[in-house]
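Scroll down for the structure; my scribbles are underneath it.
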Amino acid sequence: MSGSGGAVSLTGGLNKKKKPFLGMPAPLGYVPGLGRGATGFTTRSDIGPARDANDPVDDRHAPPGKRTVGDQMKKNQADDDDEDLNDTNYDEFNGYAGSLFSSGPYEKDDEEADAIYAALDKRMDERRKERREQREKEEIEKYRMERPKIQQQFSDLKRKLAEVSEEEWLSIPEVGDARNKRQRNPRYEKLTPVPDSFFAKHLQTGDNHTSVDPRQGQFGGLNTPFPGGLNTPYPGGMTPGLMTPGTGDLDMRKIGQARNTLMDMRLSQVSDSVSGQTVVDPKGYLTDLNSMIPTYGGDISDIKKARLLLKSVRETNPHHPPAWIASARLEEVTGKLQVARNLIMKGTEMCHKSEDVWLEAARLQPGDTAKAVVAQAVRHLPQSVRIYIRAAELETDVRAKKRVLRKALENVSKSVRLWKTAVELEEPEDARIMLSRAVECCPTSVELWLALARLETYENARRVLNKARENIPTDRHIWITAAKLEEANGNTQMVEKIIDRAITSLRANGVEINREQWIQDSEECDKAGSVATCQAVIRAVIGIGIEEEDCKHTWMEDAESCVAHGALECARAIYAHALQQFPSKKSVWLRAAYFEKNHGTRESLEALLQRAVAHCPKAEVLWLMGAKSKWLAGDVPAARSILALAFQANPNSEEIWLAAVKLESENNEYERARRLLAKARSSAPTARVFMKSVKLEWVLGNIEAAQELCTEALKHYEDFPKLWMMRGQIEEQSGNMDKAREAYNQGLKKCPHSMPLWLLLSRLEEKAGQLTRARAILEKSRLKNPQNPDLWLESVRLEYRAGLKNIANTLMAKALQECPSSGILWAEAVFLEARPQRKTKSVDALKKCEHDPHVLLAVAKLFWSERKITKAREWFQRTVKIEPDLGDAWALFYKFELQHGTEEQQEEVRKRCENVEPRHGELWCAESKHILNWQKKIGEILVQVAAKIKNTF
C-alpha cells in the first residue's frame, strides 16, 4: 500500500510542476525571446528579424535616422507609399502601373465594387474561355510540332526496342568504370576451410606452444595454449572417444556418426508428441499447407469491416434474406466454409419463406445434407419451382430425378419450366403422353404445343396445332409450324394459304406484323430445309410497312442481309418478288443475275438471263452474261445465237461487237473474227474496235497489218493512248528502238496525262542504258502530273535498280510527302527499310492507309518473310477480300500456299481467283497482257505469275 501511495504522490508532484500554458497556441503577435532581449541574428532565409523597434541595426556605422530597426521600417514604409509617377511607368491606355488610390482606406463599398468587377471579369472570361482554350491548344500543338519533346523524337527508336532479343540486350556492354584495376577489383579476404589432415597431423605431434606468433595474434590464432583452443594441455581437449584406439589418429567417421545421431534425436523430439503419436504427416504436409492458403486476395481489414456491417444488418433486420446470403458468401470467399454453412442455416430459420436463402443453403451444403435442406425447403415452400428444380439436380439417378419432378408437378402443375424439364428426361412415347397432359395444364405455352405437334403423327399434329391456335390466337410460330408440317407432307399448295390466313388472323387479333421478325423466321425455315414456307413468308411480309419509293432499296438490302446470313432461298424469293414489281429495272436483274452466278447453278442463271433480256433488251451486259455463260459451258453455237439476238436489239453496240469477236478468236475462228472486226470498223468505228483489230493482227503475228491498222486508227483517234502504246510496243518488239521512242514521244504530245506512256518511255531508255535520260523523263512526267504515286514509284524503283539506294530513300521520302495516303508508295517504303525497321514502317503505313490493299499485301509479305504463317494467311485473306480485282494479291497468296499450305488450300485459292477474274495488278498485267499469253485462262495466268515471284523480300 505504501508503495502505491508513494507512486500517487510522485505523479501529483509532476503534474504540479507542469506549466498551464504548455500545449496551448501562442497569442497573436508573440515573438519568442523578445521579452528577454534575445534578438538572435538574421540570415538570408529569415522572413523578418525578431527585433524590437528600438534595437540597433547590424550596421555599426549607419547614418543618423537609420540606426535602429524602427527607423529602417519607417523608411521602407515611406518608400512603399511613394508612388512611382515617372514617365517610364505611364501607359497611354492603362495609365500608371500602380493604383492611384492604393494609399487610401479600403472600405466596405470598395470591397463590394471589387466583387462586382470580379464577377463581371469572370463572366466575360467564361464567354471567351472556349475560344481562348482552343487558341491555346492550337498554339501548344504548333509549338510541339516545331519543338517536339525528346521523348517524341526518340519514339521510333523506343518502338524498335521491342525487337531487341534477350541475347542482344545482355550483350550490351556495361558503362565503363574510371577507377583503376586495384580499386575496381579489391582483394577480399579469402577464408579457406582447414583440412582434416591438418588436425590429424598436429594431434600426432602433440606440440605445445608457450608463445604466440604475432601473425597468429593478428589473424585470430589457430593454435593457442589457452583453454578452449584446438590444441591445449588441459584435460578434456583430446577426448578418447574421437581417437582411434592405439593410434592417436582422429576418426572422422565417428564424428560423422555422432553428428547424424544428434540430428536424429532432435528430429525425433520434434516429430513425436508426449503420447507417442507422430505429429507431422510427412506425405500430406505440403498438401495441408496448400489448404491453409486463404483464397481471398483482398485486404484483411476490408473483410473485418464487411463482417461488422453484415452483422449489424442481420441484427437490425433478422428477417432480411440478402443479409444472410451475403454473410454466408463472405465467409465462403474467405475460406471459412463451415462458418458460412452455420450462418445460412440460421438464415433459413429466420427467413424460412425465402426461396433464395434455401437455395443458397442447398448450394453450400455437401450432397446428402443438401438433399435434407431441400426437403426441408419444400415443406416450407411447396409451390417453389426453383427449389424443385434444385432437388432434381441434386439427384444423380434418372429415376430419382423423374420421381422428384413428378412430385413437383403434382404440387405445381402450371409451371412450364417443370413440364419441360420432366419431358426432357422421358422417352418419346412417354414424352408425348406427358405433353398432352402439359398442354391441358399450361394451354398458353407455345413451346409445349409445338413440342407435342412434333411428336405426333401428321393427322394428330394438325389437330394439336388447331387446338393451339384456338388457345393462343396471337402467336405466329404456330402458323409457321403448321405451314412447315404441310410442306413436309407434300401439301405445298396449302403453305401459301396458311401463311396468308396467319397474317389475316393475327391482324384480326390485334397483333402487329413485325417485318424483321417474320424475315428472321423465314431464314430459320430456310436453314431447316422448308423452302416453300420460307418463300411464302417472304412473299407475304416483304412489302409490309415500306413506302413505295423505298421498296427497291430496302428489298436489295434485305436480300444482301439474307445472303450474309446464309439464307439463299430467302434471298432468291426476295429477288423474285422484286423482279415481279420492277420487271424493267436493269439494276435489279443484274443483282439477281450476280446472285445466281455466285450462289446458284448455271441453269438457274441462264433461265434468269433469258427472262432478263426479254424485259430489258437494251441492257447489253445481260446479253453478254448470257452469252458468256453458254460459252463457258462449251456451247459456242448457243452463245453465237444469243449475241445475234443482242445485235438485233442493240445494233452497232461496241460491247456486243467486241464480245462476238472475242468469242470467235477464243475458239480459233480467226477469219470470222477478222470479218466481224472489219464490219464493226465500217458500221460502228470506235477507238476500242480499232485497238482490238490491231491486237488481233499483232497476236496472230501479222506485224505489218497491225502497223497499217494502227496508223489508220491514229489518223482518227490520235488522243487514244493505247494505240500509241501498241505502236511503240510493236516497234520495240521488232527491235526498232528509235521508232518506238518516236511513237512514245508523239503519244505523249497528244496524251501528256497517260501514265503508262511515260512509264514505257522511261523503261525503254533504261533498257537502252540511258539512266540519266530515263530519270529526266520521269521528272518531266511528275511536273506535268503532280501528286501521281505511280510516277513517284517508278522513280524510286529506277534508282533502286541502278543500285543508288540512298537516292531511292530520299525520293521515297519526297513521294510520301507529296502523296501521304498512297498505298502503293507505303507498301514499297516498307521493303525499302532494313529488316529491323520494317515492322515500324508497316505500323505507320497502316495508320495512313488502313484499308489499302497494297499496304495489307505488304504486311502479309512481311509476316511471310518472318515465317509467321498463320498471320500471313490471315492478312492475305483480308487483302483479297477488300480488293478481289488485284491479281498480284492472288498470285502472292497462291505462291504462299504453294510453299506453306496443303493441296486443298492451294486449290481453294485458285478457284476463288478464277471466280472473281482479277484484271489489275503490276505483276498480273505484265503476264495477262503479254502477247504470248493472250488465250490463257485465269488459272493458267495465276500459276505463271506465282512461278515468277521470288521470295527476295
Side-chain angles (χ1 to χ4, degrees), residues 159 162-163 557 560-566 594-595 597-599 789-790 793 816 819-833 835 837-925 927-928 938-939 941-943 945-946 948-953:
R159 275 205 300 265
E163 300 166 11
E557 281 185 354
E560 284 171 13
S561 169
C562 290
V563 170
H565 296 153
Y594 283 125
F595 167 76
K597 183 185 175 186
N598 294 327
H599 304 285
D790 295 312
L793 183 63
L816 289 172
C819 313
S821 57
S822 167
I824 52 171
L825 286 176
W826 277 107
E828 188 74 15
V830 169
F831 289 97
L832 278 179
E833 296 287 339
R835 278 187 182 274
Q837 282 82 45
R838 285 180 185 177
K839 201 169 185 180
T840 312
K841 199 73 171 179
S842 67
V843 171
D844 296 338
L846 284 168
K847 282 180 187 170
K848 291 284 185 182
C849 322
E850 190 179 352
H851 300 296
D852 190 282
H854 296 92
V855 173
L856 297 181
L857 188 60
V859 174
K861 284 162 67 179
L862 189 62
F863 282 127
W864 183 8
S865 68
E866 293 172 359
R867 296 296 178 270
K868 293 179 180 174
I869 305 304
T870 311
K871 280 192 173 182
R873 185 174 283 117
E874 186 185 318
W875 282 85
F876 275 125
Q877 295 277 15
R878 204 178 291 182
T879 308
V880 296
K881 188 177 179 183
I882 280 182
E883 184 53 87
D885 193 45
L886 186 63
D888 290 5
W890 288 107
L892 281 159
F893 194 7
Y894 186 66
K895 177 83 172 181
F896 169 79
E897 292 297 359
L898 285 173
Q899 289 186 1
H900 304 288
T902 60
E903 286 186 14
E904 292 78 18
Q905 288 168 327
Q906 294 162 17
E907 191 61 25
E908 186 199 349
V909 171
R910 195 176 62 77
K911 280 185 179 175
R912 284 173 63 193
C913 178
E914 286 174 354
N915 287 339
V916 297
E917 297 181 2
R919 287 279 178 269
H920 295 92
E922 188 179 357
L923 303 171
W924 185 269
C925 290
E927 287 300 314
S928 64
I938 296 289
I941 291 170
L942 177 70
V943 173
V945 177
K948 290 201 174 182
I949 293 170
K950 302 285 186 292
N951 292 37
T952 52
F953 41 81

Practice problem: Mind running side-chain contact (heavy atoms from CB on, under 4.5 Å) on W890 and V945 for me, showing each step along the way? | Solution: CA-CA 9 Å; W890 288 107; V945 177; over 6 Å; no
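- Ring orientation note: the planes of H900 and W864 are nearly perpendicular, at an angle over 60° on the 30°/60° scale.
- To the nearest 0.5 Å, the span separating CG on L942 from CH2 on W924 amounts to 5.0 Å.
- The shortest non-hydrogen separation linking G823 to V855 is O-CG2, 3.6 Å.
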Exercise. Please lay out, stage by stage, how L886 and H854 fare under the test side-chain contact (heavy atoms from CB on, under 4.5 Å).
Key: CA-CA 9 Å; L886 186 63; H854 296 92; 4.0 Å; yes
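- Closest approach of V880 and A889 over heavy atoms only: CG1-CB, 4.1 Å.
- Between E833 and R838, none of the side-chain N atoms (NZ, or NE/NH1/NH2) sits under 4.0 Å from a carboxylate O, so this pair counts as no salt bridge.
- How far CG of L825 is from CG of L832: 10.0 Å, rounded to the nearest 0.5 Å.
- Remark: K839 does not engage E866 in a salt bridge, criterion side-chain N to carboxylate O under 4.0 Å.
- Between the side chain of S822 and the backbone N or O of C819, no donor-acceptor pair lies under 3.5 Å.
- Separating the OG1 atom in T840 from the CD atom in Q837 is a distance of 7.0 Å, to the nearest 0.5 Å.
- Between I869 and F896, the shortest heavy-atom contact is O-CZ, 3.4 Å.
- Side-chain atoms of D885 come within 3.5 Å of backbone N or O of R919 as a donor-acceptor pair.
- No more than 12 heavy atoms of other residues, nucleotides or ligands lie within 6.0 Å of NE2 in H920, so this atom counts as exposed by the packing criterion.
- Sorted by first and then second residue, the salt bridge (Lys or Arg N to Asp or Glu O under 4.0 Å) pairs involving residues 848-858 (not counting sequence neighbours) form an empty list.
- Here the side chain of W826 pairs no donor or acceptor atom with the backbone of C849 at under 3.5 angstrom.
- K868 contributes atom NZ, which lies 6.0 Å from atom CZ of F863 (distance to the nearest 0.5 angstrom).
- Between the side chains of R910 and Q905, not a single donor N or O lies within less than 3.5 Å of an accepting N or O.
- Closest of all the heavy-atom pairs between L816 and A829 is CD1-CB, 4.1 Å.
- From H851, atom NE2 reaches atom CG of L856 across 8.5 Å, with rounding to the nearest 0.5 Å.
- A donor-acceptor pair is defined here as one N or O able to donate and one able to accept, closer than 3.5 Å; no such pair exists between the side chain of E883 and the backbone of P853.
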Quiz prompt | Evaluation steps, side-chain contact (heavy atoms from CB on, under 4.5 Å), between V859 and E874 | solution = CA-CA 10 Å; V859 174; E874 186 185 318; over 6 Å; no
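- Nearest approach of E897 to Q906, heavy atoms of both residues: O-NE2, 3.1 Å.
- A donor-acceptor pair under 3.5 Å is formed between the side chain of T879 and the backbone N or O of W875.
- Between R873 and F893 the shortest side-chain heavy-atom distance falls below 4.5 Å.
- Under 4.0 Å is where a charged nitrogen must lie from a carboxylate oxygen, and between D888 and K895 no such pair does.
- The CD1 atom of I941 sits 10.5 Å away from the CD atom of E917 when rounded to the nearest 0.5 Å.
- The two residues P918 and C913 have their closest heavy-atom pair at CD-O, 3.3 Å.
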Quiz prompt | Worked check of side-chain contact (heavy atoms from CB on, under 4.5 Å) between L923 and K948 | solution = CA-CA 9 Å; L923 303 171; K948 290 201 174 182; over 6 Å; no
